[in-house]
Amino acid sequence: MPAVDAQADFPALEQAVLERWRERDVFRESLRRREGAPGWVFYEGPPTANGRPGSHHVLSRVFKDIFPRFKTMRGFYVERKGGWDCHGLPVEIAVEQQLGISSKEQIEAYGIAEFNQRCRESVFAFLEEWDALTERIGFWIDLDAAYRTLDTEYVESVWWALAQIHARGLLYEGHKVVPYCPRCGTALSSHEVALGYRDVIDPSVYVRLGVRDVAGSPLRDGDALVVWTTTPWTLVSNAAVAVHPDLSYVRARAEAGDEVLVVAEALVERVLGEGAQVLERFTGRDLEGVAYDAPFAFIPASEYGARGHTVLPADFVTAQDGTGLVHTAIAFGEDDFQLGRRFDLAVVNPVRPDGTYDERVGPHAGRFVKDADRDLVEDLRARGKLLRATDHEHAYPHCWRCSTPLLYYAKPSWYIATSQVRDRLLAANETVTWHPEHIKHGRFGDWLEHNVDWALSRERYWGTPLPVWRCPAGHVHVVASLGELEERSSVALDDPHRPYVDDVTFACTEDCTEEMARVPEVIDVWFDSGAMPFAQYAAPLSEAGREHFEDRFPAQFVCEALDQTRGWFYSLLAISTLLYDRAPYENVVCLGLILDAEGQKMSKSRGNTVAPWDVIERFGADAFRWYFFTSKQPWDGYRFSMETIGEGVRLFLRQLWNTLVFFSTYHPEEGVEPVETDLDAWARSRLAATVEEVTERLDAYDATTAGRAIAAFVDDLSNWYVRRSRRRFWEGDPAAFATLRECLVTVAKLLAPFTPFIADELYEQLGAGEPSVHLCDWPQEDPSRPRDGELEHAMAVARETVRLGLSARGTAKVKVRQPLHEAVLVAAGRERAAIERLAGVVREELNVKQLRFVAQADELGSYTVKPNYRALGPRFGKGMPQVAAAVGALDPDGVAAALREGRTVGVMVDGHEHELSVGDLLLALAPLEGYQLEREGSHAVALELALDDDLRREGLAREVVHAVQAARKAAGLAVEDRIALTLGGDEGLLDAARAHEAYVTGETLAVELAYDGRADGQEAHIEGRELRIGVTKA
RNA sequence: GGGCGAUUAGCUCAGUCGGUCAGAGCGCUUCUCUGAUAAGGAAGAGGUCGGUGGUUCGAGUCCACCAUCGCCCA
């Protein structure tokens, strides 16, 4: 093969690979080759293309890529259909900003048709950049056939799903309390609410409410209930006070005061201060029905119904904070609302949609409610109803686009009764494998446990229209398709969006003469994306689509960021459970957040985002991918920095590449006998082990460990196999080439899902047959070459021995270039056999003439003996300290001798004799004077440091070679150039060179060697002696 | 306020079943090797494994509480 460029520029190389993929149509070919194979299904969670893709999109896209690639190579047919999320408030807001408007009135004045047309265009504003980035990072997905949630067929599938849900009685209009932005005039989704929490200071007020009707209760006239709130503006519509029926309450008097107040017993001190005097105890149940005077008189009790301004029992009340008595304003809190519904209290809302009080709240009418807080508190104080007022700092939700504090409003909305299928949701979740595992019963399972009905409708414009038609008599019909709509109305719509669909009416489907018209709302975008398993194929309305869907449901794999637990992961599960009573996915990988180098969340507003293109241009897509896959477990999140990615390039990709460069530098020689060595067998065994581990980890969706296993193998290959085998490559041993080639080709395949560019270039350079590595089958263990565990162990021992020997040299400050006579090794049994098997390797690495084994350490050091806790702990339990003491008192050399001979050693514990055998004790070596010795556990290497003249000369000869090599390099010669060499200078050095002339010429590729020391040569100094070197290309 | 997760060397992270191993890489210092490598090898400095209790013969690992950070929710 031709020589590979060692300085290859990876980003440029990747561009060339991309070009090759296009030319050879590799992605489609990889699918064609698996036609008819068992399917493995991946669902693409659709992004919205109305903003630039960021690094976090690269993260999710590369994880969405790796497993489909892996499964394809494993023999599955893995369709990868792209998708785009097209609807929703984020799109509307972007368009509002373009238009410079910010309210519903302005949108309607602009015209819904025009507005929605703008939205339709804006959705794909950055489609080109998305497509370009997707291709550039090697995410193989079919973007041509991508589903789009705005397409008519897609909308129809969604309608069909809603009709199914309605047919089961699970779609209803309900009054619930929703977070609402008074400025924007719409309810917000929980997602949007989560974007806007902010710490604010609100008044914290304790209000006393005098009781009126105490008959049958433990209270007396003149007592007052104490309630607490941080939203004084809701007090004007106080409807009731809630207590927990089982909680203990008291009548009590503050130390200083004489009034009798009612609070939860647990909160007496917090509310009334130390020294409060408890007069009487009772449970909340006893308070039920007690009437009280409302904090404000704007709205009379009668408006609320029979139980207005009385004490009601409620399970949600706690004694955690406040007073244990909860101010209840039906329209402004979910708990309040449910309580009101239960006790038949009317919803009285004196707040207008724009967040101001209406005329019922006399002096405050027309004011924004939160602005009235302070005045209302003063009013309470003036009328003696205020017990205490302080400031309270807490997180409060604000509109994420206009910063207005949100209000919680009871408003009519359409809901899906998911809470009725909660058990089925939980059962479906049980069938899912989550990564990381704790999501299953943690964040996600917990969320399902507390499932509430899905607030489906949005009072907005750009979305899938809610297909609910209703007549003035209140009959409701849900339309399941455009075909049905046309049948009923004789109107054929091309575009199902607003405003066109708003005008379509038809005769009531019930026994009724009225005309049905569509309700004005659109639906939550999360329903769109959650419907993708069938809607992406226009199923079930299209017959072909239905078949596609049935073949591809459920998915084996979905992957998104952690925040999708309450988003897409939930909407998928909910819809799938409602329609098919099963989970839509089998394996979920959750990805963590991307943080900047300081650990701050990346966001546009902070301006600390890292543009993906910068990374790609500097290091390449593979480097980016490799960083995400292997730097850490993906769900833990990333601290993102260019430097870390650069490190990965240097340590892994560069190392791999240079191994290829080395391979391409030499060529097998004709006529050289292949000699397969232990090193070859070792490399292949390590390769097999790596294939096994990578396969196993990828099957478990663990790219991190899998990738690190590949890196460990490449390191072994480069820094041990190649380093140890260099001479065989120079000499052209075909066995070495075959081994390295096999390793590199297999690494290319293992790496294909991780770093598809470099893997493919590696494969291409090695000329391994297919047009692309991505068309290969995944490597499998070769039954004729099983793993050789004994050899892997032997090599590990040999490398450890070398490490100890080099350490000994380092300590003695004897250069490796200086040969030594002997290394003395303490090793026995399996270890000794291992070192003997690989003695050549050990001798060369340590540069010693011979190895001598001693089975016992007596010659080199003395033993110490320690108890093996792992073996003895379970046996002796509490007796371990005594055992340890007894073992410590043993004579180590005696123990060593006994164990060597297979005898046991006795110790006395608690007056009983116990026999300890070889596994119960750990022997370690202590060094003895006189040798340079390194030890670890029972294993040691000592070096004989004495030099004779022969060794010295040989050492000098190696110094000469070293100097000549430096001269070669300085002369700019290529590694394979043959030279004419002349040496001159110090006689001792020349003597050494003469004595080892074959070695010197062989190492330096000198075809001639003269000792006349020409004057134009380079000068070197070796141990203070001068050497003149002349190097010319021969 | 609740739920979940995290906390190990200056930085980025491993650490399996509770056992005698407190680790790797990067960075730093000093050597060294080089016929592929911006590479490799050796030595050194750098740690109360966030804290406090508990369980246990034995805790980085299990439990409780606390602190800090993050995410989700209220």
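In the text below, chain A, chain B and the rest are named by the order of the sequence lines, each starting its count at 1. We use all heavy atoms of the structure for the numbers below, so side chains are in, but hydrogens, waters and symmetry mates are not.
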* Is A/Gln655 near enough to B/U37 that one of its side-chain N or O atoms lies under 4.0 angstrom from OP1 or OP2? -> no
* To do: Under 4.0 Å between any heavy atoms, over every strand shown, what does A/Glu845 touch: base, sugar-phosphate, or nothing? Just pick one.
  => nothing
* Asked: Does A/Tyr666 have a side-chain nitrogen or oxygen under 4.0 Å from the phosphate oxygens OP1 or OP2 of B/G35?
  -> no
* Asked: Rounded to the nearest 0.5 Å, what separation is found between the CG atom of A/Leu956 and the CD atom of A/Glu954?
  -> 10.5 Å
* To do: Measure from the side chain of A/His962, starting at C-beta and using heavy atoms only, and say which of B/U34, B/G35, B/A36 lies closest.
  => B/U34
* Asked: Can you say whether the rings of A/Tyr638 and A/Tyr627 are parallel (under 30°), tilted (30 to 60°) or perpendicular (over 60°)?
  -> tilted
* RNA chain B in dot-bracket, Watson-Crick or G-U pairs under 3.5 Å, [ ] crossing, | other strand? -> (((((((..((((.....[...)))).(((((.......))))).....(((((..]....)))))))))))).
* Mind checking side chain to side chain donor-acceptor pair (under 3.5 Å) for A/Ser204 and listing every partner two or more places apart, or none if nothing turns up? => A/Trp228
* Which of these nucleotides, B/A36, B/G70, B/C4, is closest to any side-chain atom of A/Val661? -> B/A36
* Verify stack between A/Tyr869 ring and B/U20 base, 5.5 Å, 30 degrees -> yes
* With the side chain of A/Arg726 defined as its heavy atoms from C-beta on, choose the nearest nucleotide among B/U32, B/U34, B/G5. => B/U34
* Structure fact -> Side-chain atoms of A/Lys815 come closest, of B/U32, B/U34, B/C26, to B/U32
* To do: Indicate, with a heavy-atom threshold strictly under 4.0 Å, whether A/Arg708 touches base, sugar-phosphate, or nothing.
  => sugar-phosphate
* Closest to the A/Ser718 side chain: B/A36, B/G19, B/G3? -> B/A36
* Asked: Which pairs pass salt bridge (charged side-chain N to carboxylate O under 4.0 Å, His left out) with one or both residues in residues 654-668 of chain A, sequence neighbours excluded?
  -> none
* Asked: Is there a side-chain polar atom (N or O) of A/Arg654 under 4.0 Å from OP1 or OP2 of B/A36?
  -> no
